[in-house]
Protein chains: 2
Amino acid sequence: MAGKRSATIYDVAAAAFVSIATVSRVLNGSIHVLPETRERVDEAIKQLQFVPSSAARSLSGGRRWSIGLAYPLDGDRSIVSPQREDDSSALYNDAIVRGASWQAAQLGYSLFACAVRTGQDAEAQVIHRLYSAVDGIILTDRVVHNVGAMRIAKRMHAVHLSGSGTSQFGGTIRVDNAGGISELVRHLATVHQIVDFGFVGGSAESPDATARFEAFRDAVAKVGGNLRSENLLNGEFSLAKAEAALTARLADSAALPQAFVCANDQMAIGALHVLRDQGIDVPRDLVVTGFDDIALANQVHPALTTIAQPSFELGVAAVTMVIGLLDREIEVGSVQTLPTSLVVRSSCGCESPESGQAKKANS
Amino acid sequence: MAGKRSATIYDVAAAAFVSIATVSRVLNGSIHVLPETRERVDEAIKQLQFVPSSAARSLSGGRRWSIGLAYPLDGDRSIVSPQREDDSSALYNDAIVRGASWQAAQLGYSLFACAVRTGQDAEAQVIHRLYSAVDGIILTDRVVHNVGAMRIAKRMHAVHLSGSGTSQFGGTIRVDNAGGISELVRHLATVHQIVDFGFVGGSAESPDATARFEAFRDAVAKVGGNLRSENLLNGEFSLAKAEAALTARLADSAALPQAFVCANDQMAIGALHVLRDQGIDVPRDLVVTGFDDIALANQVHPALTTIAQPSFELGVAAVTMVIGLLDREIEVGSVQTLPTSLVVRSSCGCESPESGQAKKANS
DNA sequence: TCCTTCAATGTAAGTGCTTACATGTAAGCA
DNA sequence: TGCTTACATGTAAGCACTTACATTGAAGGA
């Protein structure tokens, strides 16, 4: 801890009897350094416990070898109750972060993840701080709906994750929401003879939410299903809000649909809770499906039929794209779409052989 | 993306017909600026969409207003399979990260979380990069077992999370492992008349693992319980490894204990899986308990009786301590211990009223 | 009226790096 | 041997800020 100021490149240069330029070359792995000199410098670095200042590095235009990832942490909820409560929302981001970390490490970078409380004054500031510490940045969905973020996006190597791809950004990675949804709806219609559909949607400001709903509507139309407006719920991507919305819906006497398709797994799990409490059996009385395939999806009872997002690969792809942008090996403005896939488990009425939790022994 | 370079303080100064010093004063809210001048500068800032470079700011001596948090991501496993697989390990860190982010935001800082693949060559490098981007750093348990990390810890504002508190660090936050364990063992002995105990432990290099085992051993001795060596399993804190260890143990003909106390929830969940597959009913035939109270603990069946770590508060406390260190308001070398608490659910044989998943409707 | 004092602003010296350009040196070749 | 080359290294100019110190000018006191 503490003590005197930490060593600078000058100290190292002095200790190794070279100029700071040479130290810098060693630091950045330049080819033009005598092995012997390099060794001397490395030794001095170790001796002095020198760590280059990334602030200075950024200022002078060098690489920081790190990339940032900003993901949303809902501000309002956190302020009311900072506790874990609805923290399953984090599960989705988690896989992305891990994918991104993994790929960053593969390419010699480090990944700094930063939770941004959306809707806070400080939001832009946080993104700025992150920005100034990295070479490129990945902005997930909702954090982007902010002036500051937009401004940054315009001026740096930024990729937008699962966004609507309004360009402005260096690149965009999207998920094939429509493909997954239509496969799901087809499955429900064909295998389970479902005609009357319901939907639990996500936050209006999320491009993903919109995309999923529209895909759903289209898919239902395509299979000739029907969709009554009273069965169109909004759970804002949150378990608790979905529970509330469904509870309110159940209080209504209107007939329930045969299936509730939910725009993410957390809401589906919330629905499962409410339905069990009300004595409505899933999938016998009502089918429920999710979206994302978070880790919990396979642990709940009944195991959730859902659409797998390649979350891990999303992180991988985003990092690859940012670094490609950095290296100018990728065109600015490219868009990449990752596939989704239907994961059939028990909550749609199929028996799932793969799920441990869904086994007979359990019920 | 791109376009011309963004405005600097010079551009603003020129546009407002003042010097850069005055702009800086406006930026930092100095008192010595004529309201009229201030207004002119503000106008120019808005006009040029000027955002001060935080890199330059930090360089010139200011704070970066951000703190780093390094947590482990098991290297070996990630390399073999980068997929989500055993990713419940992330759940524990998640709450810490969220607590830290939250508290950082409260105090005007930002939190950068960085997954470090333990045991990799790049480990020290990653921590260095993180270090050089922040004002202070939080190192969780296992990432510390590394020369590079140690070196950093010695010279900067670093706090060690749930470590053994060997000083070296600016500060240490610990969890009262012993208190929770002994409460649990007392509960098992008193309420459930358990005498014959088993244990599934964690990685040897983790101070937490050691602390938990020792506390367990002592607690069992205190209640006069017994503990046979063949019931001492090692699951390395991993779901999969715990499954393997327990499967191997079941192949042995020796009598099983009445309860397996696991050093974390993931391993307990693994045990649950194996036992169900073998037709051994929990809690009727065998009691299983966890540690940490991760989100999944309440979702599995039967709901896990476990010891709640105040993970969120751990993050909060760590950030508070780092910033206290930064502000020199806290003594170097302080140690803070956070309490744990027993969470009784179904896997010990108690009926849990609070758990949705554990309700009668389900079984 | 002259000197002091202080508020408003400007000047310039860092801050720790990267890198273009300059320099020096030894090898290669006629 | 003398000249070109290529490589190893050094010099110094930024990079975009903060801030100590300098400067200016007007108000206030004697």
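Below, chains carry the letters A, B, ... as their sequence lines are ordered, and counting in each starts from 1. Predicted, not measured: the structure shown is a model, and the values here were computed from it.
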Please determine, for the side chain of A:T8, which listed nucleotide (C:dG16, D:dT9, C:dA12) has the closest atom?
C:dG16
B:T22 vs C:dG10: side-chain N/O to OP1/OP2 distance below 4.0 Å:
yes
Heavy atoms under 4.0 Å, any strand shown: does A:S53 hit a base, just sugar-phosphate, or nothing?
sugar-phosphate
Which nucleotide wins on minimum distance to the side chain of A:S24, given the candidates C:dG10, C:dT18, D:dT18?
C:dT18
Figure out the CD1/C1' separation between A:I9 and C:dT18, and round it to whole Å.
8 Å
Using a heavy-atom cut-off of 4.0 Å across all strands, would you classify A:T37 as base, sugar-phosphate, or nothing?
sugar-phosphate
Value rounded to 0.5 Å, distance of CG in B:L69 from SG in A:C114
11.5 Å
Rounded to whole angstroms, how far apart are CD1 on B:I20 and C1' on C:dT9?
12 Å
Using whole Å, report how far CZ of B:R129 lies from P of C:dC17.
15 Å
Strictly below 4.0 Å: does B:R57 bring a side-chain N or O up to OP1 or OP2 of D:dT18?
yes
Which heavy atom of A:I20 sits nearest a heavy atom of A:Y10, and at what distance?
CG2-CD2, 3.5 Å
Check the angle between the aromatic planes of A:W102 and A:F312 and answer parallel, tilted or perpendicular using the 30° and 60° thresholds.
tilted
Is it true that a side-chain atom of B:T140 and a backbone atom of B:A70 form a donor plus acceptor pair closer than 3.5 Å?
yes
D:dG25 P sits how many Å from B:L34 CG, rounded?
15 Å
5'-most by nearest nucleotide on DNA chain D - A:R25 or B:N28
A:R25
Whole angstrom is fine here: how far is it from CG in A:L59 over to C1' in C:dT18?
11 Å
Assigned partner base of C:dA30, Watson-Crick or wobble definition, under 3.5 Å
D:dT1
For the base of D:dC15, is there a side-chain donor-acceptor partner from B:Y10 under 3.5 Å away?
no
Mind calculating the distance between CZ (B:R38) and P (C:dA7) to the nearest angstrom?
15 Å
Atom-to-atom span, CG of B:D11 to P of D:dA16 - whole angstrom
9 Å
DNA chain C nearest-nucleotide lookup for B:S19 and A:A56: closer to the 5′ end is B:S19
Strictly by modelled atom types, are B:R129 and A:S66 linked by a side-chain donor-acceptor pair under 3.5 Å?
no
Check whether any side-chain nitrogen or oxygen of A:H32 sits under 4.0 Å from OP1 or OP2 of D:dA8, and answer yes or no.
yes
Is there, by distance only and without an angle test, a donor paired with an acceptor across the side chain of A:S60 and the base of D:dC15 below 3.5 Å?
no
